[in-house]
Novice: 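After the structure tokens below, expect a handful of questions from me.
This structure is a prediction, so every number in the text was calculated from the model and none was measured.
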Amino acid sequence: MSAPWWDSDDDRSGVEYRAYVGNLPWGTDESSLKDFFSDYRPLDGDIVTDRETGRSRGFGFVWFDDNESLSNAIQGMDGQELGGRTNTVDRANQRPRRWRR
């Protein structure tokens with residue numbers, strides 16, 4: 001039984017194939033992040049920004065269609081350079097349950 005103010009497991013769309021990408025250049029945007037992973041067929045890319053300033057926090061996430069694409073992207077892109085910085089690519093942790101708004 002889950003409390004009504006928590007996201008229930010039924011609300012989740014299933015397994016997420018999401019990669020964490022760290023050490024990004026400050027000027028990286030969603031389209032350049034997605035282009036960086038274009039060989040691995042990313043579905044979407046997202047840069048995490050600071051709420052107050054709107055500036056990049058230097059990391060983001062890339063979503064993939066399946067586990068094979070995600071694994072290949074992690075193996076192929078971890079340690080690669082983007083904008084003069086060596087990136088860290090790893091499987092993203094599953095999102096924790098959150099309060100509903």
Side-chain angles (χ1 to χ4, degrees):
M1 181 173 143
S2 67
W5 52 84
W6 287 102
D7 288 340
S8 71
D9 291 333
D10 297 335
D11 293 339
R12 295 179 187 230
S13 60
V15 177
E16 270 190 328
Y17 302 109
R18 187 170 59 124
Y20 163 84
V21 185
N23 201 31
L24 291 171
W26 303 117
T28 306
D29 61 6
E30 281 86 5
S31 66
S32 61
L33 180 61
K34 195 173 171 182
D35 289 345
F36 185 57
F37 283 88
S38 63
D39 292 343
Y40 302 98
R41 301 170 305 171
L43 296 176
D44 199 11
D46 190 28
I47 301 294
V48 177
T49 57
D50 184 272
R51 288 183 193 182
E52 293 179 16
T53 65
R55 291 185 44 183
S56 169
R57 293 186 59 197
F59 68 95
F61 299 94
V62 180
W63 284 263
F64 295 91
D65 201 22
D66 56 27
N67 192 48
E68 183 180 357
S69 297
L70 172 61
S71 297
N72 290 339
I74 291 169
Q75 288 176 355
M77 300 304 285
D78 187 36
Q80 296 297 313
E81 213 173 274
L82 175 65
R85 298 184 78 169
T86 303
N87 296 305
T88 302
V89 182
D90 201 359
R91 184 177 297 270
N93 294 330
Q94 187 168 352
R95 296 178 186 178
R97 297 177 119 185
R98 303 183 322 203
W99 289 94
R100 288 189 182 165
R101 293 181 184 183

Novice: Is any side-chain heavy atom of Phe37 less than 4.5 Å from a side-chain heavy atom of Val21?
Specialist: yes
Novice: List the atom of Leu82, the atom of Pro25, and the distance in Å for their closest heavy-atom pair.
Specialist: O-CG, 3.0 Å
Novice: What's the spacing between Leu70 CG and Phe64 CZ if we round to 0.5 Å?
Specialist: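 Leu70 atom CG to Phe64 atom CZ measures 6.0 Å (nearest 0.5 Å).
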Novice: Determine the minimum heavy-atom distance between Glu30 and Gly45, stating which atoms define it.
Specialist: CG-O, 3.2 Å
Novice: Once you round to the nearest 0.5 Å, how far does CG of Asp44 lie from CG of Asp65?
Specialist: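 Answer rounded to 0.5 Å: 12.5 Å.
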Novice: For Glu81 and Phe36, work out which heavy atoms get closest and say how close.
Specialist: O-CE1, 3.7 Å
Novice: Would you say Arg18's side chain and Gln94's backbone share a donor-acceptor pair under 3.5 angstrom?
Specialist: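 Not confirmed, Arg18 side chain does not pair with Gln94 backbone.
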Novice: Are side-chain heavy atoms of Leu33 and Phe61 found at a separation under 4.5 Å?
Specialist: no
Novice: Heavy atoms only: give me the nearest Asp50-Arg57 pair and the separation to one decimal.
Specialist: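 Between these two residues, the closest heavy atoms are N-CG, 3.6 Å.
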Novice: Measuring from Asp78:CG to Asn87:CG, what's the distance to the nearest 0.5 Å?
Specialist: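 It is 8.5 Å, given to the nearest 0.5 Å.
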Novice: Ignoring hydrogens and geometry, is there a side-chain-to-backbone donor-acceptor pair from Ser71 to Glu68 under 3.5 Å?
Specialist: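 Side chain of Ser71 to backbone of Glu68, a donor-acceptor pair under 3.5 Å: no, none is there.
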Novice: Can you label the angle between the Phe59 ring and the Tyr20 ring as parallel, tilted or perpendicular, going by 30° and 60°?
Specialist: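 Rings of Phe59 and Tyr20: tilted, 30 to 60°.
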Novice: Distance only, no hydrogens: is a donor on one side chain within 3.5 Å (strictly under) of an acceptor on the other, for Asp35 and Ser32?
Specialist: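 Absent: no donor and acceptor within the cut-off.
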Novice: Just by distance, do the side chain of Asn23 and the backbone of Thr86 share a donor-acceptor pair under 3.5 Å?
Specialist: yes
Novice: Any chance you could lay out the side-chain contact (heavy atoms from CB on, under 4.5 Å) test for Arg91 and Ile74, step after step, and finish with the verdict?
Specialist: CA-CA 7 Å; Arg91 184 177 297 270; Ile74 291 169; 4.0 Å; yes
